[in-house]
Q: 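My structure is below; once you've seen it, I'll send some questions.
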Amino acid sequence: MSVRVRFAPSPTGQVHIGNIRAAIFNWLFARHAGGSFLLRVEDTDRERSTPEAIRTLLSVMEWLGLDADEPPVYQSTRTARHLAVAEAMVASGAATRENRDGKGECIVCRMPAEGKVEFTDAVKGRIRKRAEDTQDFVIVRSDGSPVFHLANVVDDHDMGITHVIRGDDHVENTFKHLQIFKAMGVEPPVYAHLPMIVNHMGKPYSKRDGAAFVGDFQEQGYLPDALFNFLALLGWAPGDDREILSRQEMIDAFSLERCKSSAARFDLRKLLWMNGEYLRNLPRPVVEAEFRRRLQIAGLDAGTLPDATWNGVLDQMIPRTRVFGDVPGNCIYFFTENYPFDPKAVDKRLRPDGVVALLQEVAQAFEALPAFTVESSETALRALGEARGLGIGMLVHPVRVAVSGVGEGPGLFELLTLLGRERVCARLRRADKALQTTAN
RNA sequence: GCGCCCAUCGUCUAUCGGUUAGGACACAAGGUUUUCAUCCUUGUAAGCGGGGUUCGACUCCCCGUGGGCGUGCCA
């Protein structure tokens, strides 16, 4: 029998990182086995399951390349079938009608009264508990609507799901789900429970911990392949020392047996590193397009720079970019005279006595140059340093901060030539302004 | 409270009884002699505690401890 797995999120408008990780594992498992990866939209909560929320879900999956092999199944369309199964369960005695808390009649699935209930989880191994520790549970509310457990199981069955790969938080539910399968008289799928993704405190990773939704990472300029790779390595490892893996490599290496069963902390720094790795392997035109887009969002227009300058900016800034969201902030001084000054850099490099006056001399020296190039500007600066008995660093750093506002960035002379003599000298001449704007 | 699950460097992980416990991120140091980034080299750093089983345990078992999850007419 060929493998069929599903991702069954309830659309809430945002897709949590832990949920999408489950989707990734399902996808990887299906692709590895040559089976099918399906999507079931659990949209029974009509309040939250808006068309907009469903669009978000679909677009997130597309962004990450999680392609489903069949059209999505919408759970809300299947209520009649869920209810029919419940009725059959009542008829067979597997479920009973009860009136709990005087809310009217609901349908309750009965758990075994004695013995053990158990199953073998494909990642956690054998899981069992005594029947006394289980409780009967409602499958149809008194208002006639099916409960999650019922709908979930019936749909899994009807969709021919062979493996249910989902979050750890569902292990307890599995006993209930198995009971419904038993009542239906059908073979249950294999269950596999994935460890949770937690924060630095060991608590479930949430919005409070920073970016928690796929959309957040998308906005911040992370690459889908990087996020995919990073998430795949949370709770799974290929078994060798590879960290950066292509989709195909992940597909080839993936197995449930290699999934861990302990929780994984979400380490943003490693994601950042990995994103940088992917980013530097992107074709130049792709990176350029994204640079333009990011700048535009921030109100900066790459088109205002001459082509040669723009290309130089890319040469210098691409290797210094780990995530696209940083682009506008890192590049702003190429586009406007209104670039911000980093107070720390100003205090260290511009505020010391004599620096501002020295920068006037630098401007003068630059203006006297027949041509303003990487070589000539360096020669001029070195000459001035020698004339004043100053180490080159005493000039380089203040100049950098004066013309860019920050203490790091491209090689200084590349930076200067990209900016052009006019802007450089103007910025040097009004370096004192920076002292006021960042006054301490 | 009760039930279930989990436990290797700060973090992600390898190890499926015998290893100097490996890799990656992060961090530190050095080189590429202006910064930052990239790149290269090096370094710091781990088996929760206690009992067993075994010739031998990170690895198997038990008990603690810690953490997570569950315990809804939520999903």
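Below, read A as the first sequence line, B as the second, and so on, with proteins coming before strands; counting in each chain starts at 1.
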Q: Hey, does A:Gly393 reach any base, or is it just sugar-phosphate, or nothing, if we go heavy atoms under 4.0 Å?
A: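 Nothing: the residue A:Gly393, judged by heavy atoms under 4.0 Å, touches no strand.
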Q: Quick one: which of B:C2, B:C39, B:C69 gets closest to the side chain of A:Glu277?
A: B:C39
Q: Which part of the nucleic acid, if any, lies within reach of A:Gly104 when heavy atoms closer than 4.0 Å are counted: base, sugar-phosphate only, or nothing?
A: base
Q: Please classify the nucleic acid contact of A:Glu118 as base, sugar-phosphate, or nothing, using heavy-atom distances under 4.0 Å.
A: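 It contacts nothing in the nucleic acid.
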Q: Side chain of A:Ile127, heavy atoms from C-beta onward: which of B:U8, B:G72, B:C4 has the nearest atom to it?
A: B:C4
Q: Counting heavy atoms from C-beta on, name the nucleotide in B:A14, B:U34, B:U38 closest to the side chain of A:Arg280.
A: B:U38
Q: Across the strands shown, which category fits A:Lys129 at heavy-atom distances under 4.0 angstrom: base, sugar-phosphate, nothing?
A: sugar-phosphate
Q: Describe the nucleic acid contact of A:Val171 in one word from base, sugar-phosphate, nothing, applying a heavy-atom distance below 4.0 Å.
A: nothing
Q: Which part of the nucleic acid, if any, lies within contact of A:His149, taking any heavy atom under 4.0 Å across all strands shown: a base, the sugar-phosphate backbone alone, or nothing?
A: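 It contacts base atoms.
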Q: What is the nucleic acid contact for A:Glu42, judged by heavy atoms within less than 4.0 Å: base, sugar-phosphate only, or nothing?
A: sugar-phosphate
Q: It should be established whether A:Arg322 places a side-chain nitrogen or oxygen under 4.0 Å from OP1 or OP2 of nucleotide B:C25.
A: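 Checking A:Arg322 against B:C25: no side-chain N or O falls below 4.0 Å of OP1 or OP2.
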Q: Base, sugar-phosphate or nothing for A:Leu233? Non-hydrogen atoms, less than 4.0 Å.
A: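 Sugar-phosphate contact only - A:Leu233 comes under 4.0 Å of backbone atoms but never of a base.
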Q: Given B:G10, B:A75, B:U35, which nucleotide is nearest the side-chain atoms of A:Arg269?
A: B:G10
Q: Can you tell me the Watson-Crick or wobble partner of B:U32, both distances under 3.5 angstrom?
A: none
Q: Output yes when at least one side-chain N/O atom of A:Arg166 is less than 4.0 Å from OP1 or OP2 of B:C69, else no.
A: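 It does not, given that no N or O in the side chain of A:Arg166 lies less than 4.0 Å from OP1 or OP2 of B:C69.
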Q: Ring centres of A:Phe230 and A:Trp273 under 6.0 Å apart?
A: no
Q: What's A:Glu378 touching, base or sugar-phosphate or nothing? Going by heavy atoms closer than 4.0 Å.
A: nothing
Q: For the base of B:C36, is there a side-chain donor-acceptor partner from A:Arg320 under 3.5 Å away?
A: yes
Q: Quick one: label A:His200 by what it contacts on the DNA or RNA (base, sugar-phosphate, nothing), any heavy atom closer than 4.0 Å.
A: nothing
Q: By the 4.0 Å heavy-atom rule, please label A:Phe413 as base, sugar-phosphate, or nothing.
A: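 Answer is base: heavy atoms of A:Phe413 come under 4.0 Å of a base.
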Q: Paired with B:A14 by Watson-Crick or G-U wobble geometry, both distances under 3.5 Å: which nucleotide is it?
A: none
Q: At 4.0 Å (heavy atoms only), tell me whether A:Pro9 reaches a base, stays on the sugar-phosphate, or touches nothing.
A: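 Result for A:Pro9 = nothing.
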Q: So, OP1 or OP2 of B:C6: does either fall under 4.0 Å of a side-chain N or O from A:Arg265?
A: no
Q: Do side-chain atoms of A:Ser376 reach the backbone of A:Ala371 as a donor and acceptor pair under 3.5 angstrom?
A: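 It does hold such a pair.
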Q: Which nucleotide sits closest to the side chain of A:Ile392: B:U13, B:U34, B:A75?
A: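 Shortest atom-to-atom distance from the side chain points to B:U34.
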Q: What contact category does A:Arg258 fall into here, base, sugar-phosphate, or nothing, at under 4.0 angstrom with non-hydrogen atoms?
A: sugar-phosphate
Q: Between B:G3, B:U35, B:A75, which one does the side chain of A:Arg141 approach most closely?
A: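 The answer is B:A75.
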Q: Looking at B:C12, B:C73, B:A75, which one has an atom nearest to any side-chain atom of A:Arg100?
A: B:C73
Q: I want to know whether A:His170 and A:His193 have ring centres closer than 6.0 Å.
A: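 No; A:His193 has its ring centre 6.0 Å or more from that of A:His170.
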Q: Regarding A:Ser142, tell me which of base, sugar-phosphate or nothing describes its non-hydrogen contacts under 4.0 Å with the strands shown.
A: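 Contact class for A:Ser142: base.
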Q: Considering only side-chain heavy atoms of A:Lys270, which listed nucleotide, B:C25, B:U34, B:C73, is closest?
A: B:C25
Q: Does any donor-acceptor pair link the side chain of A:Asn173 with the base of B:A75 at a separation under 3.5 Å?
A: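 Flag set: donor-acceptor pair detected.
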Q: Determine whether any donor atom in the side chain of A:Ser261 lies under 3.5 Å from an acceptor atom in the base of B:C6, or the reverse, and answer yes or no.
A: no
Q: I need the full list of side chain to side chain donor-acceptor pair (under 3.5 Å) pairs touching residues 80-91 of chain A, with sequence neighbours left out, sorted by first then second residue.
A: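 Non-adjacent pairs meeting side chain to side chain donor-acceptor pair (under 3.5 Å): A:Arg81-A:Asp158, A:His82-A:Asp155, A:Glu87-A:Arg97.
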Q: With side chain to side chain donor-acceptor pair (under 3.5 Å) as the rule and sequence neighbours excluded, what pairs involving residues 383-411 of chain A come up?
A: A:Glu361-A:Arg388
Q: Measuring only between side-chain heavy atoms, which start at C-beta, is A:Pro410 closer than 4.5 Å to A:Met317?
A: yes
Q: Before we go on, tell me: are the rings of A:Phe7 and A:Phe37 under 6.0 Å apart, centre to centre?
A: no
